[in-house]
Amino acid sequence: MKIAIIGGGYVGLVSGACFAEFGVSVAVVEADETKRQMLLAGDIPIYEPGLDRLVAENTEAGRLVFPDRLEDGIAGAEIIFIAVGTPARRGDGHADLTYVFAAVEQVMMALDHDAIIVTKSTVPVGTGRKIAALAKELRPDLDIDVAANPEFLREGSAITDFMRPDRVVVGTDSERARAVLRRLYRPLYLIEAPIVFTGLETAELTKYAANGFLAMKITFINEMADLCEKLGADVNDVARGIGLDGRIGRKFLHAGPGFGGSCFPKDTLALMRIAEEAGAPSKLVQSVVAVNDARKASMAARVIAACNGDVKSKRIAVLGLAFKPETDDMREAPSLPLIQGLLAAGAEISAFDPEAMASAKTLLPDGVIFAPDAGAAVLGADAVVLITEWNEFRALAPARLFQSMRGRVVVDLRNVFDPQAMRAAGLDYHGIGRATIDSHTSQQG
Ligand SMILES: NC(=O)c1ccc[n+]([C@@H]2O[C@H](COP(=O)([O-])OP(=O)(O)OC[C@H]3O[C@@H](n4cnc5c(N)ncnc54)[C@H](O)[C@@H]3O)[C@@H](O)[C@H]2O)c1
């Protein structure tokens, strides 16, 4: 089978490499010439564990190509995936579909055979129908079916998520599209990943509902963390206590500085707008957006409070910049408002992230010191703030921190450090929602 993927970003590149690994012949069409040249040279423009090897192997085997002309990419393709960005539109929070419709138009003008157009991009309900209408209008001579196949992979574990998904959702009215997509995803039958076939609108909404729900789960535990601080409880234990309940589940119950990333912020906003326009506004989703925005904006104040209300001329080491570990993605990262807030309060910032330094440099104001490693970042710091839970930060020994720092304050916005070990080493440890950590030992096991 031959397929084309329009857009070689996180989703397009990972999906393309994984489909190629299944034995499919894949052309990834990328409009950004710099990115395409990197891909041709074997350089991966994003950091995603294992992706370099997968791309290299499949390119070498001739199953994965990065053509310079769209016509060559879609020639003979049975399926054309649209995997371009759908960022939040400035001003109103709606998903911006400019790239999606531009891609569909380009494809339709260059196509010379019947095919199935499949959205992998996260698109608002009704987009599939509009794509079908546009395709018919532009090329009445062709028989084009449309399907929605939203992607649920997570950056940082994208390949495993793609290869071993909990489910694949395919929304379409077309029996032909269902059959072809079933054939494409056949390798997943071996691991019994269910394919959920639905109508177009249902598949489109399912993606937003999934992200809305997960964002709500994170926001819920963040609010519980605040409550723990007031009531003398420990949010890690609360999360464990509720997460072991199979009806709730343990994932997405880690209290932190608020969610960021390329998906949750824009998808919750878009879901809010979709619901409002449909006449069924979601108060829950509205609250999730508002609570999360306020939380991210309040992290600088939390650090300032931990530093006795004053960070003027104090050096603060920020460990982690990416919105989560195992990615270099800085989109909507909580580190951005944190650092901006601390700078505005007069602090000096030394920052380190294992992968996101290059993109962070383009987003942060001059004056931030980018340290070559975590040790250099904390050297001489008055306070250390951990905001992205990279594994290498977990291994930072409290005694070494104590020796390297000038001050004593450690603000752990991901609850990765052992509070007792930190305090035993003489550090002034502040976690999230861990008020009782001194008085009760958290029992594991
Ligand atoms: N990143 C994630 O973790 C993730 C997960 C699930 C779903 N999604 C969704 O998938 C979609 C893509 O997200 P992403 O993170 O991969 O975006 P991205 O910005 O990393 O990649 C999009 C790519 O498409 C290219 N592009 C745009 N227009 C093009 C055109 N006409 N022809 C060829 N290339 C074109 C861009 O140059 C860019 O490289 C979004 O709708 C997103 O919401 C993302």
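Excluded from the calculations below are hydrogen atoms, water molecules and symmetry mates; all remaining heavy atoms, backbone and side chain alike, are included. Residue numbers run from 1 in the order of the sequence given. In each ligand, atom 1 is the first atom listed, and ligand 1 is the first ligand listed. Worth saying up front: this structure is predicted, and the values here are computed from it rather than measured.
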Short N-O contact, Glu332 and Lys266, less than 4.0 angstrom: no

Test: Arg240 and Asp234 ion pair at under 4.0 Å: no

For atom 28 (N) of ligand 1, the option (of Val84, Ile46, Thr119) bearing the nearest heavy atom: Val84

Identity of the nearest option to atom 21 (O) of ligand 1, non-hydrogen atoms only, from Gly9, Gly8, Gly85: Gly9

Heteroatom proximity flag, Asp267 to ligand 1, N/O under 3.5 Å: no

Contact check: Arg154 vs ligand 1, nitrogen or oxygen atoms, below 3.5 angstrom: no

Which atoms from ligand 1 have a heavy atom of [X] less than 4.0 Å away?
X      : value
Lys35  : 38 (C), 39 (O)
Glu151 : 6 (C), 7 (C)
Val11  : 4 (C), 5 (C), 6 (C), 7 (C), 8 (N), 10 (O), 16 (O), 44 (C)
Ala31  : 29 (C), 30 (C), 32 (N), 33 (C), 34 (N), 35 (C)
Ala83  : 12 (C), 22 (C)
Ile6   : 30 (C), 32 (N), 33 (C)
Lys266 : 42 (C), 43 (O)

[atom]: which protein heavy atom is closest, and how many Å away?
atom                    : value
atom 9 (C) of ligand 1  : Thr122 OG1, 3.5 Å
atom 2 (C) of ligand 1  : Glu155 OE2, 3.5 Å
atom 41 (O) of ligand 1 : Thr86 OG1, 2.5 Å

Aromatic ring pairing Tyr47/Trp390, orientation class (parallel under 30°, perpendicular over 60°, tilted between): tilted

Aromatic plane relationship, Phe252 with Phe264 - under 30° parallel, 30 to 60° tilted, over 60° perpendicular: tilted

With Phe323, the side chain to side chain contact (heavy atoms under 4.5 Å, CB included) member among Met330, Arg331, Glu155: Glu155

Min heavy-atom dist Arg331 to ligand 1 below 4.0 Å: yes

Donor + acceptor pair across side chains of Arg295, Asn292 (<3.5 Å): no

Under 3.5 Å side-chain donor-acceptor pair for Thr327 and Tyr10: yes

Side chain, backbone, both or neither: Ser262 near ligand 1, heavy atoms under 4.0 Å: side chain

Ring centres under 6.0 angstrom apart (Phe162, Phe19): yes

Pairwise side-chain contact, Glu276 with Gln286, heavy-atom cut-off 4.5 Å (strictly under): yes

